[in-house]
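I have placed the structure first, in the form of structure tokens, so that the comments after it can refer back to it.
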Amino acid sequence: MNSFEKIYETVKRIPYGKVATYGQIAMLSGNPNWSRVVGYALHVNPDPDSIPCFRVVNRFGEPSSAFAFGGKNTQILLLEGEGVEFVDGRVNMEKFLWDGK
């Protein structure tokens, strides 16, 4: 598996109603230095219906300003549709951060 494939498999594991950070996905995909690679991979997501890249946010819980599939507002709407709550424009990470298991 190449790096993008590893990242996609990890992102597929994020449960409904949870989020993960770029760094967390990098670590779980095998290289903690891949945070930017995660961003690149998600930007060219070949199958958004199966790879829920909208569930990945930055370490502060902020949605991506460059969300590849409709912009920041679309990412927020998708997450809110799964019950994810925002406080001052950020995901409530204490409640909605995936534990990686």
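Side chains are part of it too, since the values below use all heavy atoms of this structure and drop only hydrogens, waters and symmetry mates. This one's a predicted model, so the numbers in the text were calculated from it and none came from an experiment.
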Show every donor-acceptor pair shorter than 3.5 Å between a side-chain atom in residues 13-21 and any protein atom, with sequence neighbours excluded, or say none if there are none.
residue: Arg13; atom: NH2; partner: Gly100; partner atom: O; Å: 3.0
residue: Tyr16; atom: OH; partner: Gly81; partner atom: O; Å: 3.4
residue: Lys18; atom: NZ; partner: Lys95; partner atom: O; Å: 3.1
residue: Thr21; atom: OG1; partner: Gln24; partner atom: N; Å: 3.0

Side-chain donor/acceptor of [X] to backbone N/O of [Y], under 3.5 Å:
X: Asp47; Y: Ile51; result: no
X: Asn92; Y: Val84; result: no
X: Gln75; Y: Phe54; result: yes

Is it true that, when you exclude Asn2 itself, more than 12 heavy atoms of the residues, nucleotides or ligands shown sit nearer than 6.0 Å to its CG?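 Above 12, so yes.
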Do [X] and [Y] sit in the same hydrophobic cluster, where Ile, Leu, Val, Met, Phe, Trp and Tyr count as joined when their side-chain heavy atoms come under 4.5 Å apart?
X: Phe86; Y: Phe96; answer: yes
X: Val38; Y: Phe4; answer: yes
X: Leu97; Y: Val87; answer: no

Roughly how far, to the nearest 0.5 Å, is CG of Asn45 from SG of Cys53?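 Result: 4.5 Å between the selected atoms.
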Looking only at non-hydrogen atoms, find the nearest pair between Tyr8 and Ala41 and report the distance.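 Heavy atoms only, the tightest pair is OH-O, 2.7 Å.
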Closest non-hydrogen atoms of Ser35 and Gly23, given as atom of the first, atom of the second and distance, are OG-CA, 3.3 Å
Heavy-atom side-chain contact between Val56 and Trp98 under 4.5 Å: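 Sidechains of Trp98 and Val56: no contact.
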Flag the pair Met93 / Phe60 as yes when at least one side-chain heavy-atom distance between them is below 4.5 Å, and no otherwise. no
